[in-house]
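Here the structure is laid out as structure tokens; the discussion comes afterwards.
Note that the structure is predicted; figures quoted are calculated from it, not measured. Because only heavy atoms are used, hydrogens play no part in the values below, and waters and symmetry mates are left out as well, while side chains stay in.
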Amino acid sequence: MKQIYLLTFLSIWCISSHAQNSKTNINNFLVKESLLKNSKLAIIAADSAENPIEQINGIYTFTVSGFSQTLTFNDGVAVLPMKLDKSAFVYIKHENDQGTHSKLLYVYKKDGTLSPYAISSMWLVLFPAAIILLAFTFRKFIIAAVVIMLVFIYFNHSNGLNLSTFFETIFDGLKNLF
């Protein structure tokens with residue numbers, strides 16, 4: 001009789017532990033234009049080799065350029081509800097038990113089509129550092145360096161990359177390095 005109770009208990013425990021872990025974590029994702037070509041972006045769950053994972057279904061929370069969005073994934077794909085009116089920077093972040101997974105993208109819009117380009121956070125550090133290094137190396141380059149930095153800051157800000165997102169992207173990139 002004790003063996004039947006033990007067997008029943010183990011069966012229930014295995015089933016309940018499987019049911020609790022049924023939601024798969026998203027540790028990597030791709031960003032593409034939605035198939036409907038309606039100026040919306042689609043997030044595709046992917047593995048570390050950037051192959052789509054079609055078994056992802058359910059509701060996941062992402063932060064898109066500072067706004068929290070709950071996205072419903074069907075067969076590994078979710079469409080962002082926001083439309084893009086013009087080219088812009090888009091910072092997408094997802095947090096789960098394995099950590100924070102984020103991407104900074106420049107989405108170029110031309111003739112109604114969206115082309116997302118991933119930007120490494122290291123470029124956000126290397127470009128200003130190179131300009132500052134050139135300004136210190138060549139004293140006559142200081143005024144030009146200040147103008148280039150102001151254009152860089154204006155371009156980033158006018159396309160949706162504010163200062164807090166800029167530093168958040170850099171810090172997330174540095175955390176992922178170590």
Side-chain angles (χ1 to χ4, degrees), residues 25-53 56 59-74 76-96 98-135 144-178:
N25 286 328
I26 298 175
N27 295 324
N28 191 15
F29 54 89
L30 305 171
V31 180
K32 304 280 183 188
E33 182 179 16
S34 172
L35 291 175
L36 299 175
K37 304 276 186 192
N38 55 359
S39 296
K40 293 183 180 183
L41 293 173
I43 297 179
I44 303 166
D47 59 8
S48 60
E50 307 250 331
N51 296 321
I53 302 173
I56 302 288
I59 298 174
Y60 293 86
T61 302
F62 280 76
T63 303
V64 181
S65 296
F67 297 100
S68 181
Q69 298 281 329
T70 54
L71 302 177
T72 304
F73 278 80
N74 292 318
V77 179
V79 177
L80 290 173
M82 303 178 287
K83 284 187 175 185
L84 286 173
D85 294 334
K86 62 178 186 161
S87 300
F89 284 101
V90 178
Y91 181 63
I92 301 173
K93 181 171 72 170
H94 175 64
E95 293 183 42
N96 59 23
Q98 278 77 31
T100 301
H101 312 285
S102 60
K103 290 190 180 195
L104 177 66
L105 305 152
Y106 183 72
V107 181
Y108 181 66
K109 183 172 184 177
K110 182 179 180 183
D111 298 329
T113 61
L114 301 177
S115 301
Y117 299 102
I119 299 173
S120 172
S121 60
M122 288 297 105
W123 285 112
L124 296 178
V125 175
L126 292 177
F127 182 75
I131 298 298
I132 292 170
L133 181 68
L134 285 172
V146 169
V147 170
I148 290 171
M149 289 299 290
L150 289 174
V151 168
F152 178 71
I153 291 168
Y154 176 74
F155 176 76
N156 289 343
H157 183 70
S158 67
N159 285 312
L161 185 63
N162 58 18
L163 203 56
S164 64
T165 305
F166 180 82
F167 286 117
E168 185 177 3
T169 304
I170 290 171
F171 291 134
D172 282 344
L174 291 174
K175 280 193 294 187
N176 290 335
L177 283 178
F178 300 109

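- The aromatic rings of Tyr106 and Phe155 are tilted relative to each other, their planes meeting at an angle between 30° and 60°.
- One N or O on the side chain of His94 and one on the backbone of Thr61 form a donor-acceptor pair closer than 3.5 Å.
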Side chain to side chain contact (heavy atoms under 4.5 Å, CB included) assessment of Tyr91 paired with Leu104: CA-CA 4 Å; Tyr91 181 63; Leu104 177 66; 4.1 Å; yes
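- Distance check: Ile43 CD1 to Ser34 OG gives 11.5 Å after rounding to the nearest 0.5 Å.
- Using a distance-only test at 3.5 Å, with no hydrogens or angles considered, a donor-acceptor pair links the side chain of Lys109 to the main chain of Leu84.
- For Ser121 against Thr169, the heavy-atom pair with the smallest separation is CB-O, 3.4 Å.
- The distance from atom CD of Glu50 to atom CZ of Phe29, rounded to the nearest 0.5 Å, is 10.0 Å.
- For Asp47 (side chain) and Ile53 (main-chain N/O), no donor-acceptor pair under 3.5 Å exists by modelled atom type.
- For Tyr108 and Tyr117, the gap between ring centers reaches or exceeds 6.0 Å.
- Looking at Asn25, its side chain never comes within 3.5 Å of a backbone N or O of Asn27 through a donor-acceptor pair.
- Leu80 approaches Lys40 most closely through the heavy-atom pair O-CD, 3.4 Å.
- With rounding to the nearest 0.5 Å, the separation of NZ in Lys93 from NE2 in His101 is 12.0 Å.
- In this structure, NZ on Lys32 lies 12.5 Å from CG on Leu114, to the nearest 0.5 angstrom.
- Closest approach of Pro52 to Ile44, counting heavy atoms only: CB-CG2, 3.9 Å.
- The shortest non-hydrogen separation linking Glu33 to Gly112 is OE2-O, 3.7 Å.
- Lys110 and Ser115 share no side-chain donor-acceptor pair at under 3.5 Å.
- The distance from atom CG of Leu41 to atom CG of Leu30, rounded to the nearest 0.5 Å, is 12.5 Å.
- Of all non-hydrogen atoms in Ile26 and Asn96, the two that sit nearest each other are O-ND2, 2.8 Å.
- In this structure the side chain of Phe152 never reaches within 4.5 angstrom of the side chain of Ile131, judged on heavy atoms.
- Around atom CG of Leu35, no more than 12 heavy atoms belonging to other residues, nucleotides or ligands sit under 6.0 Å away.
- Taking both residues in full, the closest heavy atoms of Val31 and Pro116 are given as O-CG, 3.4 Å, listed atom of the first, atom of the second, then distance.
- Separation of atoms OG (Ser39) and NZ (Lys86) is listed at 14.0 Å; rounding is to 0.5 Å.
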